[in-house]
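Counting from 1, the numbers follow the sequence of the chain as shown.
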Amino acid sequence: MNKIIIHLTQKSIGLYFNILAIINPKLLAKKGFQLFCNPMSKPLEKHQLKFLEKGKHSIIKFNNEKIQTYKWGNGSKEVLMIHGWASHTFRWKSYIENLIEKDFTVYAFDAPAHGLSSGKILHVELYTEVIDLMIQSNKRNKKYC
């Protein structure tokens with residue numbers, strides 16, 4: 001039943017976009033951008049939150065949004081973990097644990113509209129700006145969190 005609903009929803013969106021392409025291309029561009037830059041994320045589960053709470057965490061403000069940052073370990077080597085679409089920092093749990101054992105300090109953050117960060121949209125330009133903010137923050141403070 002769910003597959004039928006998803007299929008009909010996709011067909012309806014496709015029809016709507018095809019009609020907009022003919023009658024209002026500018027509105028199509030705006031609606032398409034909103035649709036494809038709006039990640040569908042689900043709430044973090046208890047075991048995920050439990051792991052994330054083990055790291056040092058803080059918030060960085062960026063464009064009226066709150067970016068959740070994390071830090072694990074105090075190793076001599078540093079790495080910044082960056083997750084993908086509709087994901088969050090917990091995705092790197094096994095890597096983080098292994099890197100800490102290998103003398104790394106691990107930094108990570110939840111992208112806008114992902115994990116514990118606020119926001120409703122994410123696109124490449126925005127993600128690039130947040131990554132740059134994390135790098136610049138580390139250079140100034142020699143820390144992310």
Side-chain angles (χ1 to χ4, degrees), residues 1-17 20-21 25-145:
M1 182 69 168
N2 284 342
K3 287 182 181 182
I4 293 171
I5 292 170
I6 291 170
H7 180 72
L8 290 174
T9 301
Q10 290 170 339
K11 288 288 187 183
S12 298
I13 292 170
L15 178 61
Y16 173 67
F17 279 10
L20 275 181
K26 287 184 180 182
L27 183 58
L28 168 65
K30 181 180 176 181
K31 294 290 185 182
F33 184 81
Q34 289 171 343
L35 175 67
F36 294 112
C37 294
N38 185 352
M40 292 188 270
S41 59
K42 54 185 178 181
L44 289 148
E45 297 176 19
K46 280 185 181 181
H47 75 281
Q48 295 170 328
L49 288 168
K50 189 175 179 180
F51 171 74
L52 294 173
E53 288 170 358
K54 290 179 184 177
K56 182 179 179 188
H57 45 88
S58 67
I59 302 277
I60 292 178
K61 295 196 179 193
F62 177 76
N63 288 351
N64 298 319
E65 301 297 347
K66 296 176 181 175
I67 307 301
Q68 180 67 56
T69 68
Y70 306 92
K71 175 188 171 197
W72 287 271
N74 289 303
S76 63
K77 300 173 270 185
E78 298 176 321
V79 63
L80 173 62
M81 307 295 285
I82 303 168
H83 66 76
W85 188 257
S87 188
H88 47 75
T89 297
F90 178 80
R91 175 193 195 334
W92 302 116
K93 179 184 183 290
S94 61
Y95 293 99
I96 291 167
E97 292 170 339
N98 287 325
L99 287 165
I100 292 169
E101 290 177 12
K102 293 180 173 38
D103 193 35
F104 276 87
T105 300
V106 180
Y107 300 99
F109 65 98
D110 291 330
H114 289 76
L116 297 177
S117 290
S118 66
K120 295 195 184 293
I121 66 165
L122 181 66
H123 50 80
V124 172
E125 185 178 334
L126 176 60
Y127 210 4
T128 302
E129 291 173 7
V130 174
I131 292 167
D132 187 52
L133 175 68
M134 293 289 292
I135 292 168
Q136 295 308 317
S137 175
N138 188 43
K139 286 180 180 177
R140 279 191 311 275
N141 305 320
K142 200 58 185 150
K143 62 180 181 179
Y144 288 108
C145 300

key: side chain to side chain contact (heavy atoms under 4.5 Å, CB included) evaluation trace for E45 with F90   = CA-CA 10 Å; E45 297 176 19; F90 178 80; over 6 Å; no
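- Considering CD1 of I67 and OG of S58, their distance stands at 11.5 Å, rounded to 0.5 Å.
- Enclosure of atom CG in D132 by more than 12 non-hydrogen atoms of other residues, nucleotides or ligands within 6.0 angstrom is indicated.
- Using a 4.5 Å heavy-atom threshold, the side chains of F33 and H123 count as touching.
- Taking each heavy atom of A111 and Y127 in turn, the nearest pair found is CB-CE1, 3.4 Å.
- Under the 4.5 Å side-chain criterion, counting only non-hydrogen atoms from C-beta, L52 is not in contact with Q68.
- In plain terms, the two heavy atoms of C37 and P39 that are nearest each other are O-CD, 3.2 Å.
- Aromatic ring pairs are classed by plane angle as parallel below 30°, tilted from 30° to 60° and perpendicular above 60°; the pair W92 and Y95 is perpendicular.
- Residues satisfying the side-chain contact (heavy atoms from CB on, under 4.5 Å) criterion with E65, sequence neighbours excluded, are S118.
- For H83, the ring pair (Phe, Tyr, Trp, His ring centres under 6.0 Å) test picks out H114, with sequence neighbours left out.
- The line from NZ of K42 to NE2 of H88 is 7.5 Å long, rounded to the nearest 0.5 Å.
- The ring of W72 has its center closer than 6.0 angstrom to the ring center of F51.
- Distance check, rounded to the nearest 0.5 Å: NE2 of H57 to CG of L116 gives 9.0 Å.
- Using a 4.5 Å heavy-atom cutoff, the side chains of I121 and P112 are not in contact.
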Check your understanding: Between I60 and M134, is a side chain to side chain contact (heavy atoms under 4.5 Å, CB included) present by the stated rule, with each step listed?
Key -> CA-CA 9 Å; I60 292 178; M134 293 289 292; 3.7 Å; yes
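- A 4.5 Å side-chain heavy-atom check between L126 and N63 finds at least one atom pair inside the cut-off.
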Please walk me through it: do K71 and T105 pass side chain to side chain contact (heavy atoms under 4.5 Å, CB included)?
-> CA-CA 7 Å; K71 175 188 171 197; T105 300; 3.6 Å; yes
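- With contacts defined as side-chain heavy-atom distances shorter than 4.5 Å, the pair F109/L80 qualifies.
- Taking NZ of K31 as the start and CD1 of I13 as the end, the distance is 11.5 Å to the nearest 0.5 Å.
- For residues 94-123, the pairs satisfying salt bridge (Lys or Arg N to Asp or Glu O under 4.0 Å) are K93-E97, with sequence neighbours left out.
- Separation of atoms NZ (K30) and NZ (K26) is listed at 12.5 Å; rounding is to 0.5 Å.
- Of the inter-residue distances, the one linking S137 atom OG with Y107 atom OH reads 9.5 Å to the nearest 0.5 angstrom.
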